[in-house]
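Heads up: the structure comes next, in structure tokens.
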2 protein chains.
Amino acid sequence: MDKNKSNQLNDNNTGSRNLGRLIMQLRRLERQPHTFGSAGPLTPSEIHTIEAIGSEGTVLMSELAGRLGITKGAVTQLIARLEIKELVVRSPHPNDSRGTMISLTEKGKEANTAHEEVQRQFYNQLRAQLSEQEIEIFEKGIDKLNSFLRK
Amino acid sequence: MDKNKSNQLNDNNTGSRNLGRLIMQLRRLERQPHTFGSAGPLTPSEIHTIEAIGSEGTVLMSELAGRLGITKGAVTQLIARLEIKELVVRSPHPNDSRGTMISLTEKGKEANTAHEEVQRQFYNQLRAQLSEQEIEIFEKGIDKLNSFLRK
DNA sequence: ATTATTAGGTTTAGAAACTATACTAAATTT
DNA sequence: AAATTTAGTATAGTTTCTAAACCTAATAAT
């Protein structure tokens with residue numbers, strides 16, 4: 001009993017500490033630019049924006065702000081930069097003349113798929129070290145984590 | 001067979017996509033200040049610095065830079081701010097007169113334990129939704145992820 | 001029909017969190 | 001004793017964001 005209790009406390013601590021370590025690692029990762037496809041080096045914000053636009057279809061500026069969890073002003077600035085780099089294009093909204101629709105250029109799509117590929121390969125490395133069941137449980141945990149963080 | 005293959009591809013994609021979503025959520029979280037204990041609102045960088053110093057013992061400036069994965073110059077700036085907020089103190093290294101040792105003040109320790117408590121409670125919420133075995137597997141996955149990211 | 005409000009975007013100034021570079025001073029090597 | 005390394009600081013500049021003010025178009029209210 002005592003042993004069990006101490007184990008549980010221990011797990012509790014190391015578990016949350018490891019999660020903290022993961023956050024630390026991600027902070028480090030999310031600071032440096034990376035190169036995807038033929039587009040030059042892209043900052044994390046740029047890549048996440050491209051990711052949020054997606055290769056299919058178009059997205060409203062304000063919708064983009066919502067997806068990225070940043071202000072409209074920040075989106076304006078990001079899109080301006082990506083437009084200069086020729087990774088996205090603006091086009092007027094068909095019905096609402098206030099709206100601006102954003103979509104990826106060919107170069108932007110290329111960067112997006114290259115990024116997806118990197119992510120998939122990275123994730124495959126992880127999968128390779130776990131059994132199918134373990135992966136399933138791990139993903140369940142990630143899902144729970146996501147739903148907690150959404151609030 | 002075909003069904004199996006398509007499933008695997010599918011899992012592969014949704015898994016890496018969910019991981020991407022987690023990163024997005026963490027980015028959002030790591031942008032806003034939070035209040036811990038009696039210390040006022042602390043920026044993520046400030047809290048992570050306090051976390052890296054720890055409540056026990058003292059840390060060299062350069063060691064701190066290593067732990068946080070940032071430059072010495074950045075540490076100098078962070079510590080200066082935390083010193084003004086009276087959360088850390090500088091003291092000379094006993095043997096090496098070039099060195100500066102950093103440690104938490106009482107107020108700093110309070111912020112640290114308050115932060116740990118928040119993390120533990122958060123993690124307990126997650127634990128509550130998974131069985132013991134699942135938690136164990138989940139933590140294994142987080143560990144693997146950490147070791148991948150270290151490189 | 002006007003007015004008022006809301007919603008979509010942009011602009012600008014400024015904050016936060018860095019980096020890179022140059023520097024000082026102390027410790028170590030050679 | 002000179003050269004190099006290590007610890008830390010200072011400063012200027014970059015990136016990524018927010019907040020607030022603003023403009024214009026769409027919608028609601030009266």
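Each chain gets a letter, A, B and so on, in the order the sequences are listed, and its residues count up from 1. Remember, it's a predicted structure, so these values are computed and weren't measured experimentally.
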*asked:* Applying a 4.0 Å non-hydrogen cut-off, can you work out what Arg28(A) is touching in the nucleic acid: base, sugar-phosphate, or nothing?
replied: nothing
Result block: side-chain N/O donor-acceptor pairs under 3.5 angstrom for residues 32-39 of chain B, not counting sequence neighbours:
| residue | atom | partner | partner atom | Å |
| --- | --- | --- | --- | --- |
| Gln32(B) | NE2 | Arg28(B) | O | 3.2 |
| Ser38(B) | OG | Glu110(B) | OE1 | 3.4 |
| Ser38(B) | OG | Glu110(B) | OE2 | 3.1 |

*Hey, can you pull the residues of residues 49-61 of chain A with a non-hydrogen atom under 4.0 angstrom from DNA chain C?*
Leu60(A), Met61(A)
_For DNA chain C, the residues among residues 29-46 of chain A that have a non-hydrogen atom under 4.0 Å from it_ = Arg31(A)
*asked:* Can you give me the bend angle of the helix from dA1(C)-dT30(D) to dT30(C)-dA1(D)? Use the axis through the first five pairs and the one through the last five, nearest 10 degrees.
replied: 10°
*Go through residues 63-75 of chain A and report each residue with a non-hydrogen atom lying under 4.0 Å from DNA chain C, sorted by number.*
Lys72(A), Gly73(A)
*Starting at CG of Leu78(A) and ending at P of dG9(C), how long is that distance when rounded to a whole Å?*
15 Å
*Whole-Å distance between dA17(C) P and Arg27(B) CZ?*
14 Å
_I need the residues from residues 90-100 of chain B with at least one non-hydrogen atom less than 4.0 Å from DNA chain C; give them sorted by number, or say none._
Asn95(B), Asp96(B), Ser97(B), Arg98(B)
*asked:* So, using side chain to side chain donor-acceptor pair (under 3.5 Å) as the criterion, who are the partners of Glu30(A) when residues are at least two apart?
replied: His48(A), Arg27(B)
_Boundaries of the chain B footprint along DNA chain D (any atom under 4.0 Å from a heavy atom)_ = dT6(D) to dT18(D)
_Taking salt bridge (charged side-chain N to carboxylate O under 4.0 Å, His left out) as the cut-off, I'd like each qualifying pair that reaches into residues 38-65 of chain A, sequence neighbours left out, listed once._
Glu46(A)-Arg81(A), Glu46(A)-Lys85(A), Glu63(A)-Arg67(A)
*Value in whole Å for how far the P atom of dT12(C) lies from CD of Gln77(A)*: 11 Å
*Which ILVMFWY residues are connected to Ile137(B), directly or by a chain of links, through side-chain heavy atoms under 4.5 Å apart?*
Ile137(A)
_ring-ring contact (aromatic ring centres under 6.0 Å, His included): pairs with one or both residues in residues 65-112 of chain B, sequence neighbours excluded_ = none
*Would you check if there is a donor-acceptor pair between the side chains of Gln121(B) and Gln125(B) at a distance under 3.5 Å?*
no
*Are the side chains of Phe122(B) and Leu149(A) in touch, meaning some heavy atoms are under 4.5 Å apart?*
yes
*Pairing residues for Lys72(B) by the salt bridge (charged side-chain N to carboxylate O under 4.0 Å, His left out) criterion, not counting sequence neighbours*: none
